[in-house]
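This one's a predicted model, so the numbers in the text were calculated from it and none came from an experiment.
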Amino acid sequence: ADIETELHLSFTDAVDGVTTTVRLLADAVCSTCHGDGAAPGTSPQVCDRCGGRGVVADDQGPFSFSAPCPKCGGRGTVIPTPCGTCGGSGIERRPRDIKVRIPAGVTDGTRIKAAGRGAPGRDGGPAGDLYVVCRVAPHEVFTVKGKNLTLTLPVTFAEAALGATVAVPTLDGGTVKVRIAPGTPSGRVLRVKGRGIDARSGTGDLLAKVQVVVPQ
């Protein structure tokens, strides 16, 4: 089975990417018997009813049908002394710590897949996958748009009309200077190259949307 859990991230961790540990209560391979279902010091035995084939023949006149072995349930083995921790299932429910890598630039609701880290497979089957749903705390200034960081840049009426050089905040706590051209209207977007999200596909930009503050 697949497992889904939530991971709460700060805005900075979501932008930069982070390797972290997800703790959850879920099915896992039994820590006592290591998944074979037999008590320590014992082992599963070949089923004497089906000879380990997992099926038995059901003769009905001229026809013969194969059916799952009623003694071993089709597994081909039986457990004379079941494990006291898991009751012979090989699976126990316990806390699990799973390390996951969150790539840079995830947004609220992004699902990250960790293949093979879900619930363990039964009877030798493959394990499921773990899906981590990212919950990103909002930032008071910035938002994420693809690889870009966006913000609203308030400027005075005089700066928009006559032009000016203003400071735009960056995510690392610094500022960068940008030029406001004379006659700049509200809604115009100023682009600062290379100051966005550093993702695998390249680095995004910082997009500052001008908001002209009208005098009262």
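Thr5 contributes atom OG1, which lies 8.5 Å from atom CD1 of Ile98 (distance to the nearest 0.5 angstrom). Here OG1 of Thr184 is found 8.5 Å from CZ of Arg179. Values are rounded to the nearest 0.5 Å. Atom OG1 of Thr20 is separated from atom NE2 of His8 by 12.5 Å, given to the nearest 0.5 angstrom. The distance from the OG1 atom of Thr143 to the CG atom of Leu151 is 8.0 Å, given to the nearest 0.5 Å.
Pairs passing the salt bridge (Lys or Arg N to Asp or Glu O under 4.0 Å) check and including a residue from residues 203-216, sequence neighbours excluded, read Arg191-Asp205, Lys193-Asp205. Screening residues 112-168 for ring pair (Phe, Tyr, Trp, His ring centres under 6.0 Å) gives Phe11-His139, His139-Phe142 as the qualifying pairs, with residues at least two apart or on separate chains. Applying the salt bridge (Lys or Arg N to Asp or Glu O under 4.0 Å) definition to pairs two or more places apart or across chains, those involving residues 130-149 are Glu6-Arg135, Asp108-Arg135.
Here the closest non-hydrogen pair linking Cys69 and Arg49 is SG-CG, 3.7 Å. In terms of heavy-atom proximity, Ala26 sits nearest to Ile3 at CB-CD1, 3.7 Å. Among all heavy-atom pairs drawn from Cys86 and Ser89, the shortest one is O-OG, 3.1 Å. Of all the heavy atoms in Ile180 and Ala160, the pair that sits closest is CG2-CA, 4.3 Å. Pairing each heavy atom of Gly37 with each of Ile79, the nearest pair is O-CG2, 3.5 Å. Closest of all the heavy-atom pairs between Arg117 and Arg96 is O-NH2, 3.2 Å.
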Report all side-chain donor-acceptor pairs from residues 99-107 shorter than 3.5 Å, counting only partners two or more places apart or in another chain.
unit_1	atom_1	unit_2	atom_2	d
Arg101	NH1	Thr19	OG1	3.4
Thr107	OG1	Thr110	OG1	3.3

List the atom pairs, with distances to 0.1 Å, where a side-chain N or O of residues 168-176 and a protein N or O form a donor-acceptor pair under 3.5 Å, not counting sequence neighbours.
unit_1	atom_1	unit_2	atom_2	d
Thr170	OG1	Asp172	OD1	2.5
Thr170	OG1	Gly174	N	3.3
Thr170	OG1	Gly174	O	3.1
Asp172	OD1	Gly174	N	3.0

Got a list of side-chain donor-acceptor pairs under 3.5 Å for residues 39-48, not counting sequence neighbours?
unit_1	atom_1	unit_2	atom_2	d
Thr42	OG1	Ala39	N	3.2
Thr42	OG1	Ala39	O	2.6
Gln45	NE2	Ser43	O	3.1
Asp48	OD1	Lys71	NZ	2.7
Asp48	OD2	Lys71	NZ	3.3

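Ile91 and Leu24 fall into different hydrophobic clusters, where Ile, Leu, Val, Met, Phe, Trp and Tyr side chains are chained together by heavy-atom contacts under 4.5 Å. Hydrophobic clustering (side-chain heavy atoms under 4.5 Å, transitive across Ile, Leu, Val, Met, Phe, Trp, Tyr) groups Val192 together with Val210. Leu207 and Leu153 fall into different hydrophobic clusters, defined by Ile, Leu, Val, Met, Phe, Trp and Tyr side-chain heavy atoms under 4.5 Å apart, directly or through other members. Criterion: ILVMFWY side-chain heavy atoms under 4.5 Å apart, direct or through other members. Under it, Leu190 and Val141 are part of a common hydrophobic cluster. Clustering ILVMFWY residues whenever any of their side-chain heavy atoms sit less than 4.5 angstrom apart, transitively, puts Leu206 in the very cluster that holds Val155.
Between Leu149 and Val15, some side-chain heavy-atom pair lies under the 4.5 Å cut-off. The shortest side-chain heavy-atom distance between Arg111 and Val132 does not fall under the 4.5 Å cut-off. Taking 4.5 Å as the limit, some side-chain heavy atom of Val178 sits within range of a side-chain heavy atom of Val166. Looking at heavy atoms from C-beta onward, Ile197 lies out of side-chain contact with Asn148 at the 4.5 angstrom threshold. Annotation: side chain of Leu162 is not in contact with side chain of Pro182 (no heavy-atom distance under 4.5 Å). Between Ile112 and Cys134, some side-chain heavy-atom pair lies under the 4.5 Å cut-off.
No hydrogens or angles considered: a donor-acceptor pair under 3.5 Å links the side chains of Asp198 and Thr203.
Without hydrogens or angle criteria, Ser186 side chain to Val212 main chain gives a donor-acceptor distance under 3.5 Å. Judged by distance alone, with hydrogens and angles left aside, the side-chain atoms of Glu92 form a donor-acceptor pair with the main-chain N or O of Ser31 at under 3.5 Å.
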